[in-house]
Amino acid sequence: MHHFQYKGDELYAEDVAIKEIVAKVGSPVYIYSQATLARHFKAMDEAFASVPHTICYSVKANSNLAVLKNFINLGGGVDIVSGGELYRALAAGVDPKKVVYSGVGKRDDEIEYAIESGILLFNIESEQELDRINEVAGRLGKKAGIAIRVNPDVDPETHPYITTGLKKAKFGINIERALEQYARAQKMANIEILGIDCHIGSQLTKVSPFVDAIKKLKRLVEGLRGMGINLKYLDLGGGLGIQYNDEEPPLPSAYGASILEETKELGLHLLFEPGRNLVGNAGILVGKCLFTKKGEEKNFVIVDAGMNDLARPALYGSFHGVKPVMKDQDGVLVADVVGPICESGDFLVKDREIPNFKQGDLIAFMSAGAYGFTMSSNYNSRPRVAEVMVSGDKFEVIRERETMADLVKGEKLPSFL
Ligand code: LLP
């Protein structure tokens, strides 16, 4: 459920007319509903209320400071994958003891920054990374908390680009080799073993792959106990899907119930790294119809938002619902909704029956809160769009639209030109 609904023929974000936001901020614009963000966080948090747990929001899904702050205010931590994400989370006021750091390619300076900031733990993704973190921690005279990210070889049955828990993936340490890495870690002077981690993929619409992964992890946890390693944390990653179109992902409560059932005898503090589930349906991208082209072969609705603003359709062929901001179109037509970018892959909607949009119509692209703005770029020298957060009958810009000057910021003409 989200708070982008019609009042009469007009689309609202909570109690604010989208039209009013565009009149003030311009188009295209990302709009987030604070009530929806809060609702989604609470649903996840409540699903695990009966056990010690921390919801470490996955910053990559939407890293705006206001979005982070919203979750931090509700008691959330963060899952980060770069020094940049750590910087953002700290700027938003996160408790460093609620930060977990994942990712296969952590640099020395990033490791150092994270240790100095006092994060909870690193999710270790390779043997060499473990050595590196031990070394850097030693240099700083500190101990680094770690969990090993195990690759359980489970198929999450999602898009291949967002499948991470199969043996052939670059992520994590093969489950059969995890014990020996823990044994190595046990002997390292500057490593504190705190947990075990897995993240098997994104946009999962079933609980069973999570359960299969946990079953494999449990055996490992027992093996570790036999070695005298008693873990404190079990990090189950993110990945719970959302409804974009006709998917029927489990509700957080059902996801929670299955996971609790499977993990209860372990008595570990659970960590979660949800991204999409918290923000996906809490945001929309609004664009304006510039032109329509009705051809013999195809119909095109050309909008001012493109693949640089919302890359998911171009990258994954993903579905985003389309809604008119004012319902005053004359019938429907089958069309592509395309952007201004000079690439044939620049579409937001392909061959779909949509309202018969006309020039000047505002169009909402739904479910754009996750991996929308964060994956946007300046391709074709297009300034990145503004972001707005709505709360009740109020709205504020939470990121200014970039200017032309922003586009060339940091560029320099060399002396030899
Ligand atoms: N934890 C780790 C280690 C991850 O790699 C990810 C996502 C998450 C948590 C959060 O997963 P979520 O709860 O959002 O499913 N750009 C793609 C999604 C890439 C996901 C990358 N990792 C998309 O737009 O669908």
Side-chain angles (χ1 to χ4, degrees), residues 37 40-41 43-44 47 54-63 67 71 76-82 85 89 99-106 121-126 129 147-152 156-166 169-173 195-207 209-210 213 234-245 247 249-250 252 255 259 270-283 285 307 309-320 348 365-377:
L37 292 167
H40 290 170
F41 183 91
M44 190 64 82
T54 312
I55 307 292
C56 296
Y57 166 65
S58 192
V59 174
K60 64 176 84 62
N62 187 323
S63 52
V67 172
F71 295 140
V78 294
D79 159 53
I80 57 165
V81 289
S82 68
E85 287 190 348
V99 177
V100 299
Y101 189 170
S102 313
V104 294
K106 305 174 182 82
L121 58 83
F122 291 89
N123 284 323
I124 302 289
E125 305 233 12
S126 67
E129 182 192 333
I148 289 187
R149 177 169 175 183
V150 167
N151 182 334
E157 298 173 44
T158 180
H159 192 286
Y161 286 10
I162 48 178
T163 292
T164 50
L166 279 175
K170 70 173 176 179
F171 300 97
I173 292 180
I196 186 163
D197 166 49
C198 82
H199 169 81
I200 55 177
S202 196
Q203 183 53 15
L204 272 72
T205 52
K206 289 197 246 168
V207 176
F210 291 111
L234 170 61
D235 182 341
L236 293 171
L240 182 60
I242 62 167
Q243 185 173 34
Y244 284 98
N245 185 15
E247 305 89 341
Y255 162 80
I259 287 179
L270 301 181
L271 300 174
F272 295 94
E273 306 170 356
R276 187 189 319 265
N277 194 267
L278 303 192
V279 293
N281 277 322
L285 171 65
M307 65 187 281
D309 302 308
L310 180 61
R312 305 191 69 256
L315 261 181
Y316 319 113
S318 60
F319 180 103
H320 288 269
L348 298 175
F365 299 95
M366 308 305 289
S367 316
Y371 308 107
F373 188 88
T374 50
M375 290 175 72
S376 68
S377 77

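All values derive from a computational prediction rather than experimental measurement. As the structure lists them, so they are numbered: ligands from 1, and atoms in each ligand from 1.
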- Is the ring centre of His320 less than 6.0 Å from the ring centre of Tyr244? yes
- Query: Between Lys60 and Tyr371, is NZ or CZ placed under 6.0 angstrom from the six-membered ring centre and within 45° of the ring axis?
  - Reply: no
- Query: Do Asp309 and Ser376 have side-chain atoms, one donor and one acceptor, less than 3.5 Å apart?
  - Reply: no
- Task: Provide the closest heavy-atom pair for Gln243 versus Ser367 in the form atom of the first, atom of the second, distance.
- Result: O-OG, 3.9 Å
- Item | Proximal protein residues to ligand 1, non-hydrogen atoms under 4.0 angstrom | Ser58, Lys60, Asp79, Ser102, Arg149, Ile162, His199, Ser202, Gln203, Gly238, Gly239, Glu273, Pro274, Gly275, Arg276, Arg312, Tyr316, Tyr371, Met375
- Task: Please name the pair of heavy atoms, one in Leu271 and one in Cys56, separated by the smallest distance, quoted to 0.1 Å.
- Result: CD2-SG, 4.4 Å
- Pairing residues for Phe41 by the ring pair (Phe, Tyr, Trp, His ring centres under 6.0 Å) criterion, not counting sequence neighbours: Phe71
